[in-house]
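Values reported hereafter were calculated over all heavy atoms of this structure, with side chains retained and with hydrogens, waters and symmetry mates removed. Here, residue 1 is the first one in the sequence, and each next residue gets the next number. This structure is a prediction, so every number in the text was calculated from the model and none was measured.
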Amino acid sequence: MVVGSSHVSESWLVMTDLGKRFGWNSNEVGLCLRFMGLRDAEGPGAAPALEMGLAREQPDLDGKGIPFVRLLWDAEVLIPAMSEFIEQNGGLVSVTENLRDELKARRVSVTPRAKKSGSSRQAVQEGAPDSNQLLFLIQELTTKVNMLELEVKRLGELRSA
């Protein structure tokens, strides 16, 4: 387990940039951080890392001016910790294969369009995600909505100050 960071690092990165060090995408980094106990077991939350000072939230605006909260990770602490995790778990190739296999298994299948000859109800039943996948998606969306509500509240407080 990684101990918390007591300093503010100059190298706070999003998961995409953190993953470049290992040849991973942001999903693979997120799953690795989850396996390391730094992200919540379900959904996109990072409460463990936030509590330890290894992640921080940065309010931002997207290209359309819509507020969102960007999650930044302390690369000075996490790159060595992730390297150690990789070494302890069979090396980079093995860990990368395991992460990709796990992500493949978690993917939600896309509901196919109904064929003209078949009913739309049948097409939805055949391609519909299972209840665990739906629960995961609901939790993920709920977290995002909560983050947006907090950001809107914070921006309102800044404007009134």
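- Smallest separation of non-hydrogen atoms from R100 and G23: NH2-O, 3.2 Å.
- Residues F35 and L99 have side chains in contact (heavy-atom distance under 4.5 Å, counting atoms from C-beta outward).
- Here the CZ atom belonging to R39 is positioned 13.5 Å from the CG atom belonging to L54, to the nearest 0.5 angstrom.
- Heavy-atom minimum distance, L50 versus A55: CD2-O, 3.3 Å.
- Between D17 and V14, the closest side-chain pair of non-hydrogen atoms falls below 4.5 Å.
- Rounding to the nearest 0.5 Å gives a distance of 10.5 Å between CG of D101 and OG1 of T96.
- E102 meets the salt bridge (Lys or Arg N to Asp or Glu O under 4.0 Å) test with R106; sequence neighbours excluded.
- In this structure the side chain of W24 reaches within 4.5 angstrom of the side chain of M82, judged on heavy atoms.
- Rounding to the nearest 0.5 Å gives a distance of 6.5 Å between CG of L18 and CG of L33.
- Proximity of L13 to K20: side-chain heavy atoms (C-beta onward) are nowhere separated by under 4.5 Å.
- Here the side chains of E87 and S83 are not in contact, with every heavy-atom distance at 4.5 Å or above.
- E84 CD to M36 CE: the interatomic distance, rounded to the nearest 0.5 Å, is 8.0 Å.
- Proximity of W12 to D74: side-chain heavy atoms (C-beta onward) are separated by under 4.5 Å at one or more points.
- Minimum interatomic distance between P48 and G37 (heavy atoms only, all atoms of both residues): CB-O, 3.3 Å.
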Report the C-alpha distance between L38 and L78 in whole Å, list the side-chain angles of each, state the deciding distance to 0.1 Å, and finish with yes or no for side-chain contact (heavy atoms from CB on, under 4.5 Å). CA-CA 10 Å; L38 298 174; L78 289 175; 3.5 Å; yes
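- Within the 3.5 Å criterion, the main-chain N or O of N25 finds a donor-acceptor partner in the side chain of E28.
- Side-chain contact between F85 and V95 is present, with heavy atoms from C-beta onward closer than 4.5 Å.
- Atoms CD1 and CD1, from I79 and I86 in turn, are 10.0 Å apart once rounded to the nearest 0.5 Å.
- Taking hydrophobic clusters as Ile, Leu, Val, Met, Phe, Trp and Tyr residues chained together by side-chain heavy-atom distances below 4.5 Å, L71 does not share a cluster with L61.
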